[in-house]
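Take a look at the structure below.
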Amino acid sequence: MNGAESLVHTLLKSGVDTCFANPGTSEMHFVAALDRIPGMNCVLGLQENVVTGMADGYYRIAGKPACTLLHCGPGLANGLGNIHNARRAGVGMVNIVGDQATYHRPYDAPLTADTEGLAKTMSHWVRTSMTPDAVGRDAAEAVQQARILPGQIATLILPSDSSWDDGGEVQGALPVPAPPPVDQSAVKDAATALRQRDDVLILLYGKAALAPAHETAQGIADATGASLMIDFTNSHVARGQGRLSIERTPYPMDTAIEKLARFKTIILVGGKAPVGFFGYPGMPSIQHDPDADILRLCSRAHDTEAALRALAEELGVTPTAVPSPGPQPEAPGGPNSPGGLAQTVAALMPENSIIVDESISYGRGLYPGSFAAPPHDWLHLGGGAIGDGLPMATGAAIGAEGQRRVIGLQEDGSAMYSLQALWTQARMQLPCTTIILSNRKYNILIGEYHNVGASPGPTAMEMLDLGNPNLSWVQLANGMGVEGGVAENLDQLADLMRASLSKNGPFLIELLI
Ligand SMILES: Cc1ncc(C[n+]2csc(CCOP(=O)(O)OP(=O)(O)O)c2C)c(N)n1
Ligand SMILES: [Mg+2]
């Protein structure tokens, strides 16, 4: 058995059965091993940031890591933006990076790079397997690391002679360390604050933002009068009927400061105290009252749902049904607006849909209009590095084994970073409906210019404008095998959505906003 074969067997034994790949010469033995050994679902992505973004979406929905196959330092570098997003989102991912043969490295051939150095910037764990007998053990350790809560980035670098030489040894799955136990003194401190104080905010993050935690959170809020919010940096929220109707902390600094000002105590269930995405002249970095008490119930390495349950037990509180958000809305029709978009999506989405949100400036008002949607999952960009939406949607659809509708709310500028993901959607006939929010500009940056105290002149405005020429999204989609149509208003959007939802494959709607 060669090293590559031991790698595939070990990955399968460790429960990794999906490989998002963009291979090169140094990975050919791994690819050949995938041919010989059944069981690995292999998915081609046409650029490495598509590959890593698909692995991000996959983990969030499948709840277990996929592996990626990347080519040398430059291939890894192409994928780093979405590895960053995944790392921020608490996603587990095993990156397999093929590299120069050990004996060839001193010759400094063109694709030679500091692959380990590149990997270390974004990974929790990095290892280079220098001999074939090490590959199996290293791969099992990589999967073990990737599975540690909340999910970690493990990168295994594989010189090509470690792949093709004989001497591979298969390793069985290694046990995953349990999350650290909930700190009882933190639970007691939070309970005391909730009993004694008004204006307490409980900020939900990680598993505490998913459905099984919602009735516990509601019970605590009902019994203590505390407010609930989702941390803005949290990347996966359970929403719709039967789930909490709550907002995220806002993105814009002034709105966030205003909304958080009244809370004198903030209980963090896994996240961090809210800070601005950036520093702005004359503005603080933190968004909460600087005198507020910040109580950390647990970190994101804990089981945040278990920590919330422990808090409820300490308070003697039982889970409570969440208040009804009212009936599912009708599709409103009429001119475009963020609220109308949210209502249209809420009206038409099938139960258990997955919403992938890279809606940037248009997305600020989408939560209230969709509280009364059927139960669904909502995925956010994990680390602010745009270009994750289309790949994440693709990976999420694969993570759901094609059984759940994925609806992308996708701004145009961000979509252009990784639009090749549409091709993978077409190749695999995934049930993905992408709504391109086409304002033909980098709209958010126009606002950000003002926020940093600068005023954009004609040269600057040209850097923020995506018109001249206008992108034809339907043609771009068609060119990659995805059907599409243009919607100028919410009536046309609803018609196209209905058409898309009645079919199994992908569809793209360019919504002119
Ligand atoms: C990887 C990466 N590159 C650049 C940026 C800076 N950036 C933030 S938003 C944005 C433009 C977003 O445009 P679009 O997706 O069309 O959304 P809109 O602003 O129009 O709502 C850019 C370039 C970023 N956040 N991440
Ligand atoms: Mg735009």
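Whatever order the structure lists them in is the order used to number ligands and atoms, beginning at 1.
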Aromatic contact, His380 with Tyr251 (centres under 6.0 Å): no
For Arg440, look at atom CZ and say whether over 12 heavy atoms of other residues, nucleotides or ligands are found less than 6.0 Å away. yes
Any chance you could lay out the side-chain contact (heavy atoms from CB on, under 4.5 Å) test for Thr233 and Tyr205, step after step, and finish with the verdict? CA-CA 8 Å; Thr233 64; Tyr205 186 93; 3.6 Å; yes
Protein residue, atom and distance nearest to atom 8 (C) of ligand 1, heavy-atom basis: Leu445 CD2, 4.0 Å
Where ligand 1 meets Gly384 - atom numbers and elements under 4.0 angstrom, heavy-atom basis: 24 (C), 25 (N), 26 (N)
Looking only at protein heavy atoms, identify the closest one to atom 4 (C) of ligand 1 and say how far it is in Å. Tyr417 OH, 3.4 Å
Honestly, is Arg239 close enough over Tyr367, meaning NZ or CZ under 6.0 Å from the six-membered ring centre and within 45° of the axis? yes
Residues Arg127 and Asp138 bridged, charged N to O under 4.0 Å: yes
What part of Glu358, side chain from CB on, backbone N/CA/C/O, both or neither, has a heavy atom under 4.0 Å from ligand 1? neither
Can you tell me which residue and heavy atom of the protein come closest to atom 19 (O) of ligand 1, and the distance to 0.1 Å? Ile444 N, 2.6 Å
Is the closest heavy-atom distance from Gly81 to ligand 1 below 4.0 Å? no
Ligand 1 to Gly413, heavy atom cutoff 4.0 Å, flagged ligand atoms 14 (P), 15 (O), 16 (O)
Atom 13 (O) of ligand 1: the protein heavy-atom neighbour that sits closest, reported with distance to 0.1 Å: Tyr442 CD2, 3.2 Å
Tell me the protein heavy atom at minimum distance from atom 21 (O) of ligand 1, and give that distance in Å. Ser361 OG, 2.5 Å
Sidechain N-carboxylate O distance under 4.0 Å for Arg404, Asp377: yes
Taking the Mg ion (ligand 2) as the apex, OE1 on Glu411 and OD1 on Asn439 give an angle, to 10°, of 90°
Evaluate whether atom NZ of Lys503 has more than 12 neighbouring non-hydrogen atoms of other residues, nucleotides or ligands under 6.0 angstrom away. yes
Crowding at CD, Glu401 (>12 non-hydrogen neighbours, <6.0 Å): no
Check ligand 1 against Asn443 and write out every atom of the ligand that is under 4.0 Å from a heavy-atom position of the residue. 18 (P), 19 (O), 20 (O)
Do you see an N/O/S atom of Gly413, backbone or side chain, under 2.8 Å from the Mg ion (ligand 2)? no
Sidechain N-carboxylate O distance under 4.0 Å for Asp99, Arg105: yes
May I ask which of Ile386, Asn439, Leu466 has a heavy atom nearer to atom 26 (N) of ligand 1 than the others do? Ile386
Would you mind naming the N, O or S atom of Asp412 nearest to the Mg ion (ligand 2)? OD1
